[in-house]
Every structure is written in C-alpha cells, then in structure tokens.
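Only one structure is covered here, and it is reproduced in the block below.
These numbers come from a predicted model, not from an experiment. The figures here come from the full heavy-atom set of this structure, side chains too, leaving out hydrogens, waters and symmetry mates.
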Amino acid sequence: MIAPKASLPSPAYLAATTFAPELAASGGPSSARELGEALAEIIQSEIVHDPSDLRTPVARVPALSAADVTRAYDHAERGFAVWKRTSPFERARIMTDAARLLRERLAEIAEDLATEMGKTRAEATGETIKAADFLEYYAGIARQGYGTLVHDVRPDTRTHHQREPLGIVLAITPWNDPLITPARKLAPCLAAGNAALLKPATDTPQAALHFARALHDAGLPAGVLNVVTGRGAEISEALISDPRLAALTFTGSNEVGEALRGRLANSNIRFQGELGGKNATVVLADADLTAAAKAVAAAGFAQAGQRCTATSRVIVERPVYEEFTALLLAEATALRVGPGLAEGTTMGPLVSARQRDGVLSDIERAVKQGATVLVGGDQPGDEALSHGCYVNPTVLGDMTPELDLWREEVFGPVVALFPVDSFEEAVEAVNDSVFGLAAAVFTQNLGAAYRFADEAECGQIAVNTTTSGWDVHHPFGGFRDSGSPFKEQGEEALRFYTRVKTVAVHFGA
C-alpha cells in the first residue's frame with residue numbers, strides 16, 4: 001500500500017494552539033509535512049482514499065474528539081473578540097491575500113481536490129479559482145458599511161440601523177464541492193466579522209485545510225477559523241450543543257439537514273440549510289435541440305452528477321422527444337470516464353464506494369419499476385477502472401412520475417426523460433416535487449421563457465442554459481425541501497451572518 005501523505009491541519013487551531021505542548025515535546029517540527037506527521041503521531045487520524053482507485057490512500061488527517069471540539073470553541077471565542085474589532089479594511093486585505101495564495105497554489109490544491117473527491121483536473125481547477133473569487137468578492141463588500149440612515153419623527157434626531165456579526169458560526173460542508181462550499185459560507189461569514197468552526201466532510205477534508213491554510217498565511221488571527229476534522233457521529237453532539245454557537249450553516253442531505261433544523265428549533269441559533277434537489281430541464285418543441293442536449297449533458301454528468309444543481313429530470317415536448325433523446329445519448333456516449341487527473345478524462349468517479357453502490361441500486365430499482373436504460377446504467381468494463389467508484393453516464397426512458405427515481409435525489413450521473421404534450425403540462429411536471437432548487441427551460445419563445453420563470457417553483461431559474469453554474473454574486477438557494485429562507489451568495493448572504501441594531505442619536509438641546 002502506498003503511504004498516505006500527511007495533510008497539514010489548520011495551523012491557527014490544531015498546530016499552533018491545541019497541540020502546542022505535545023508538538024514542543026516532539027522536538028518542534030520545522031516543515032508542513034513534518035507537522036502533519038507529528039500530529040498524526042499525537043492524535044488519532046483518518047485515512048483519505050482516492051475514489052479512482054480505492055487501494056490508494058492520499059492523505060491522513062486528524063480524527064478529533066469531543067474535547068477537541070470544545071477547545072475549538074474556546075479558540076473561536078477568543079478569536080471573535082479580536083476579529084469583530086478588526087478594521088473592515090484589514091479584513092478585506094487578509095481575504096484578498098488569501099485569494100491570491102489560493103491562485104498561487106492552484107496546481108497543488110487542484111490535484112489534492114481531484115484525488116480526494118474524483119473531480120477532473122479541469123473541474124478541480126475551476127473550483128479552486130471560484131473559491132478565490134468568493135474571497136475577493138466579499139473582501140470588496142467588507143469595505144462597505146452595512147446599514148442605512150432612516151428618518152426619525154423626533155426633532156434633532158438622526159437614526160440609522162447597522163449590521164453586526166453574530167458571534168461563532170458552525171459551517172458543516174459536503175464532499176461534492178469541498179472547496180467552493182466552505183468559501184461560499186466562510187467568505188461572507190468572515191467579512192461580517194464572525195468567527196467560525198468548519199466541519200468538512202470525512203471523505204474530502206484536504207480542500208478545507210487548504211482554504212484555512214491560505215487564510216492563516218494571509219494573516220487571519222488565531223482562533224477566527226477552526227477546522228474540525230473527524231467523524232460526525234463522534235463529534236456532532238459537541239459541535240451543535242456548545243452554548244457559544246450563534247448560527248449553523250449546513251449543506252448536505254435532507255435527512256441530516258432536517259435533523260439539525262429540528263434540533264435547533266427551540267433555540268435562538270440561526271439555521272441555514274442548502275439541501276437536496278431534483279432539478280428539471282424542460283425542452284420545448286421550438287428549442288435549439290443541439291444546445292439543449294449539450295446543456296443537459298453538462299448539467300447532468302459533470303462532476304459525475306454530484307451537484308445539488310445537477311439536472312436529473314428532463315421534460316421534453318413530444319414532437320421533439322425522439323430527436324432530442326438521440327442527441328442526448330450521443331453526448332453521454334462521447335464522455336470519457338476515468339481518473340480525474342488522467343489526460344482526456346471528461347467524467348471522473350463518484351466520491352466513494354458507498355455512493356457508487358447507492359446510485360447503481362437506484363438504477364436497478366428504477367428498472368424493476370418499469371424504466372428502460374437507454375445508455376449506461378452500469379460500471380465501466382475496463383479492468384484498469386475496476387478498483388474505482390465509477391458509474392457510466394446513464395440515461396433512462398419510460399419514466400413515470402410514480403417511479404422512485406423520478407422523485408428522489410440520486411446524486412449521480414443519471415438523467416431521466418419524460419415526454420409531455422404542452423407547456424402547461426411541462427410546468428406541472430417541474431413543480432410536482434418536494435424539492436425546488438433549480439430548473440431550466442429551452443425555448444426560442446420569449447413569452448414562454450418569462451412564463452416559466454414566473455411559474456416554476458424553484459429558487460434558481462435558467463433559460464437556454466444549464467441548471468448549474470451560478471456565480472458568486474448571484475443569490476443562491478432553493479424553495480420547499482431544498483433549503484431554508486436564508487439565501488447564500490451575493491449580498492443576500494450577509495442577512496444570515498449579521499444581526500440588525502437600530503441607533504438613534506438626539507443632537508438637540
């Protein structure tokens with residue numbers, strides 16, 4: 001077995017503070033690699049494996065305990081006292097410098113991201129650049145004031161309301177976008193002056209450590225950001241029960257998200273959830289079918305379908321159903337499945353054997369219920385890929401709304417087709433879901449495009465483009481079971497990470 005490389009935990013928490021006495025006793029490591037190795041000797045660790053070949057370990061990270069989580073809150077409490085009083089201009093400088101460091105380390109970060117999650121090199125590179133974009137965008141916002149002057153009925157009185165940080169925020173992030181999601185949450189969180197604990201997914205912790213390391217190296221004060229790696233079952237209670245917790249932002253499954261929401265329901269702790277999706281793309285009869293097929297393939301199969309905004313349902317007007325289906329099958333067949341870092345790969349593996357087996361099981365169940373596999377539906381036959389977590393790009397036909405796969409999130413490279421006879425029937429099919437994250441329509445009719453935007457019950461609406469791909473300044477979030485009222489991204493994100501204080505100043509005699 002190849003020895004895993006040691007991943008450096010966040011120096012601001014693990015190395016510089018929590019384990020300082022133990023590290024001093026070990027002789028004081030002088031390099032990042034030595035530090036990671038020394039920490040691995042002091043505390044329990046988790047091994048991260050490459051999903052393109054599960055025989056290959058790629059990193060070793062600390063498996064922290066509940067006591068370590070309490071210490072992280074201690075550090076965050078001290079860090080918040082410093083950070084909330086730090087000049088917004090200094091916050092902006094640190095975040096801008098961290099963005100620069102992410103870009104300078106682009107090749108290293110992208111490679112680690114691809115090997116721990118399975119993304120292609122191009123996807124991992126794009127994610128790293130986008131994480132830097134989040135830091136830069138919110139650095140700019142940090143330089144602006146958060147508040148508004150309001151009129152006051154009292155004479156000689158000026159009144160304004162201002163936004164202030166909440167305190168300590170817990171961010172629990174998923175494995176599918178392990179760098180962008182921490183950036184999406186922590187950039188506005190830090191810009192507003194909060195401190196944070198970041199709990200990355202067990203499968204993909206390296207990306208979060210890269211993010212924290214860039215902020216630390218840019219000058220973020222100790223304790224402001226604390227990365228907590230380990231298994232959720234062992235530390236979740238300590239993470240959500242600490243009385244110093246002010247807000248929890250979570251991206252992940254509905255099952256976990258609803259459990260967290262319920263747990264916090266009787267408290268004053270804010271909750272933000274970005275949960276599941278069963279995103280639909282509608283192809284009307286007047287659409288550019290070639291463009292629609294390329295967009296559906298991109299949204300359905302990029303990142304092996306492991307995106308909350310991935311297209312998984314395609315609703316096609318019957319006159320163009322067969323022609324569109326042929327075009328989509330050609331797009332799926334043209335994809336090259338393989339290791340994310342391999343030359344020519346256009347779709348990598350799923351993140352784990354558990355995820356792969358779950359997707360294959362969902363396909364098998366759909367076939368038993370009456371669906372037809374038009375392409376894919378299985379693992380690659382190449383012996384070189386036999387130890388990876390691969391599922392071939394899959395397109396299913398003969399779908400009905402009664403099938404489980406039509407309604408349940410699969411989170412894999414699976415697209416299901418469904419014919420309809422009218423625009424009204426298409427919108428009805430889109431809205432016939434407990435989810436409401438993203439939807440798209442392909443049409444050359446401007447009236448149909450605007451009607452769709454008005455009538456589709458989703459937080460993100462796309463016309464003649466993919467359901468995925470929203471930029472840092474676009475407010476992002478879903479309706480219904482896809483999330484909570486608080487949006488992410490853009491200026492809207494600051495509503496979650498700040499509280500409002502109203503101040504009246506009487507300056508008369």
Side-chain angles (χ1 to χ4, degrees), residues 92 95-96 99 102-103 123 125-144 146 163 171 173-174 176-192 211 249-252 272-282 291 295-296 298-300 302-303 306-312 430 435-443 446 449-450 452-498:
M95 294 172 67
T96 301
L102 288 178
R103 289 198 173 92
E123 290 168 343
T125 298
E127 180 165 351
T128 306
I129 293 171
K130 188 67 72 176
D133 289 346
F134 272 109
L135 285 170
E136 286 182 337
Y137 172 76
Y138 284 104
I141 288 182
R143 300 173 66 90
Q144 303 174 17
Y146 312 137
R163 288 190 170 271
T173 58
N176 65 316
D177 286 318
L179 187 58
I180 284 183
T181 309
R184 176 188 292 130
K185 296 178 182 296
L186 294 176
C189 173
L190 297 177
F211 187 76
T249 176
F250 169 81
T251 297
Q272 179 187 61
E274 202 278 282
L275 309 178
K278 194 65 182 174
N279 310 299
T281 291
V282 171
V296 167
Q303 235 170 267
Q306 298 170 117
R307 283 177 171 165
C308 60
T309 52
T311 290
S312 58
V430 169
F435 299 110
L437 181 53
V441 63
F442 281 80
T443 180
L446 187 61
Y450 277 112
F452 185 83
D454 288 344
E455 296 177 18
E457 294 290 331
C458 297
Q460 313 297 126
I461 301 295
V463 177
N464 294 331
T465 188
T466 60
T467 52
S468 55
W470 304 93
D471 209 346
V472 297
H473 58 289
H474 298 161
F476 179 84
F479 300 160
R480 299 176 174 176
D481 288 357
S482 287
S484 63
F486 289 106
K487 287 269 191 177
E488 295 190 303
Q489 303 187 176
E491 293 186 18
E492 281 291 320
L494 295 173
R495 295 181 182 274
F496 177 73
Y497 293 105
T498 58

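No donor-acceptor pair closer than 3.5 Å links the side chain of D177 to the backbone N or O of R307. Between the side chain of Q303 and the main chain of N176, a donor-acceptor pair closer than 3.5 Å is present. Side-chain N or O atoms of S468 include none that pairs as donor or acceptor with a backbone N or O of A299 at under 3.5 Å. In this structure, the side chain of Y497 does not engage the main chain of L186 through any donor-acceptor pair within 3.5 Å. Without hydrogens or angle criteria, E274 side chain to F250 main chain gives no donor-acceptor distance under 3.5 Å.
Taking every heavy atom of both residues into account, A456 and I461 meet most closely at CB-CD1, 3.6 Å. Closest approach of A295 and F442 over heavy atoms only: CB-CZ, 3.3 Å. Pairing each heavy atom of S482 with each of F435, the nearest pair is OG-CB, 3.4 Å. Taking both residues in full, the closest heavy atoms of D481 and L275 are given as O-CB, 3.7 Å, listed atom of the first, atom of the second, then distance. Taking each heavy atom of F476 and C308 in turn, the nearest pair found is CZ-SG, 4.1 Å. Across all non-hydrogen atoms, the minimal contact from T498 to A192 is CG2-CB, 3.6 Å.
Within 6.0 Å of atom CZ in R163, more than 12 heavy atoms from other residues, nucleotides or ligands are found, so the atom counts as buried in its surroundings.
The only member of N464, T465, V463 that meets side chain to side chain contact (heavy atoms under 4.5 Å, CB included) when paired with V441 is V463. Each of K185, R184, H473 was scored for a side-chain hydrogen bond (donor to acceptor under 3.5 Å, both in side chains) with Q489, with one residue passing: R184. Under the side-chain hydrogen bond (donor to acceptor under 3.5 Å, both in side chains) rule, T281 has a single partner from T466, T467, T311, which is T311.
In this structure S312 satisfies the side chain to side chain contact (heavy atoms under 4.5 Å, CB included) test together with K278, sequence neighbours excluded.
Applying the side-chain hydrogen bond (donor to acceptor under 3.5 Å, both in side chains) definition to pairs two or more places apart or across chains, those involving residues 126-139 are R103-D133, R103-E136, K119-E127, K130-D471.
F134 contributes atom CZ, which lies 10.5 Å from atom CG of L179 (distance to the nearest 0.5 angstrom). Atoms NZ and NE2, from K487 and H474 in turn, are 12.0 Å apart once rounded to the nearest 0.5 Å.
T181 and T251 form no side-chain donor-acceptor contact under 3.5 Å, judged by distance and modelled atom types alone.
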